[in-house]
*Asks:* 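Here's a structure for you.
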2 protein chains.
Amino acid sequence: MALDHAILVSLLEKPGSGYELARRFERSIGYFWTATHQQIYRVLKRMEAEGWVDVRDVPQYGRPDKKEYSVAPAGREALSAWLAAPIEPESVRHDLAVKIRGAAFDDPASLIGEVERHRQAHRDRLAHYLVGETRDFGQPPEPEAAGPLDAERELQHVVLRGGIAYERMMIDWLDDVLATLARFEPGTDPDTGPAG
Amino acid sequence: MALDHAILVSLLEKPGSGYELARRFERSIGYFWTATHQQIYRVLKRMEAEGWVDVRDVPQYGRPDKKEYSVAPAGREALSAWLAAPIEPESVRHDLAVKIRGAAFDDPASLIGEVERHRQAHRDRLAHYLVGETRDFGQPPEPEAAGPLDAERELQHVVLRGGIAYERMMIDWLDDVLATLARFEPGTDPDTGPAG
DNA sequence: GGTCACATGTAAATAGTTACATGATTTC
DNA sequence: GAAATCATGTAACTATTTACATGTGACC
């Protein structure tokens, strides 16, 4: 299970509350691992019981108090063990690909709107990533300290580059899908159409 | 839920037993939707109860008998309804990206072997896809019937092209990851290393 | 007789989603 | 006073994974 570890990584990057983690899972770390706040609260409670994280009550002015979580030594060790253990290349779940193959038994052209919507979502995400890349990695790290490499920064950047490459690939592929779907006129599918 | 629909699509492409479906989910449709045989048997039973699929006992010589499932009209309608309903762009789960960001708090260079292993898996999958593409789509469909487009074939092909594009993107990105990790010498991480 | 591929399942545990629930404070 | 954001949870359901279980027939 990687949600535990995704949370540990996020807390190592910056301690925070369950609410704040839920925010981060809508962007940043959420670009490659999704989770809802319900899941996050449950895992935080479990990790606290296991001694993987420490909690600290933080009174706040002008808003409700929060519980700030940070990674305990046992959590760091658990992360280390997970990093050292091999994992299987990810198992994919692409609803859209199922739909595209399924469209052969329905009206292929009727899927065009849906695919266009997905392409737009990927375009938006790409634009968002590129803004983030310029903002966070556009300039060299520290003008004075040109010495040791900042692992956290460099590795965040390479993961972001992966996200950018993924979105570009998807946009190109969805263009290909649209061109393919467009070759099937509405109503000419083999099951119900007059030209089948 | 798309496992139901992935099974329906697979059965429309070709009726078969739970065992055969489990085989297909190890290749073909399994490239974009994974499922184990336990899941498949459970879903088939449910879909049979709902009247989405029909079953037929097929006695076999030289091997155990099997139950052959095929899509019933109600299943076709359910698939049609699902195709018409918009779905959210997929939620991603990339363990490896979590590991890469997590490596900043451990020894980045120790992840190199794992990343190389993943790159090899993606290379293998790409090679496998390319063989399949040449085999199944290398020649034009039917030398005589140059008329109506074969939706099933064309849409299977565009999905396969997506798989190929994905694997190529991953291989390139993992090269980038390896180059990035290589810049961090073993033992120089900020937490335990002497150079931090 | 052992192993492999075919064939179908049950049980238990874990993970993930959806719906519901509460309450503070800020801004309009 | 209504809506939005911050903040934390419970309950119920659905999906997925892992482990266990059984039996056939082919091939060595």
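Residue numbering restarts at 1 for every chain, and letters A, B, ... go by the order of the sequence lines.
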*Asks:* So which one's nearest nucleotide on DNA chain C is more toward 5', Asp65(B) or Ala35(A)?
*Replies:* Asp65(B)
*Asks:* Where does the angle between the aromatic ring planes of His94(B) and Tyr166(B) fall among parallel (under 30°), tilted (30 to 60°) and perpendicular (over 60°)?
*Replies:* parallel
*Asks:* On DNA chain C, compare the nucleotides closest to Lys67(B) and Ala2(A); which residue's is nearer the 5' end?
*Replies:* Lys67(B)
*Asks:* I'd like to know whether Tyr31(A) forms a ring-ring contact (aromatic ring centres under 6.0 Å, His included) with Tyr129(A), so could you lay out the CA-CA distance, the side-chain angles of the two residues, the decisive distance to 0.1 Å, and finally the verdict.
*Replies:* CA-CA 10 Å; Tyr31(A) 297 147; Tyr129(A) 285 2; 4.7 Å; yes
*Asks:* Between Tyr41(A) and dT8(D), is there a contact of a side-chain N or O with OP1 or OP2 at under 4.0 Å?
*Replies:* yes
*Asks:* Can you tell me if Gln38(B) touches the phosphate of dT16(D), counting only side-chain N or O atoms and a distance under 4.0 Å to OP1 or OP2?
*Replies:* no
*Asks:* With a 3.5 Å cut-off and no angle check, do the side chains of His157(A) and Glu133(A) form a donor-acceptor pair?
*Replies:*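 On atom types as modelled, these side chains qualify, holding a pair under 3.5 Å.
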*Asks:* Let me spell it out: for each of Leu3(B) and Arg63(B), pick the nucleotide of DNA chain D with the closest heavy atom. Which residue's pick is nearer the 5' end?
*Replies:* Leu3(B)
*Asks:* I want to check one thing: is the phosphate of dT10(D), taken as OP1 and OP2, less than 4.0 Å away from some side-chain N or O of Lys45(A)?
*Replies:* yes
*Asks:* Please state whether the phosphate of dG16(C), meaning OP1 or OP2, lies under 4.0 angstrom from any side-chain nitrogen or oxygen of Arg93(B).
*Replies:* yes
*Asks:* Less than 4.0 angstrom between a side-chain N/O of Tyr19(B) and OP1 or OP2 of dC6(C), yes or no?
*Replies:*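 For Tyr19(B), the contact criterion (side-chain N or O under 4.0 Å from OP1 or OP2 of dC6(C)) is met.
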*Asks:* For dT17(C) and Gln39(A) - does any side-chain N or O of the residue sit under 4.0 Å from the phosphate oxygens OP1/OP2?
*Replies:* yes
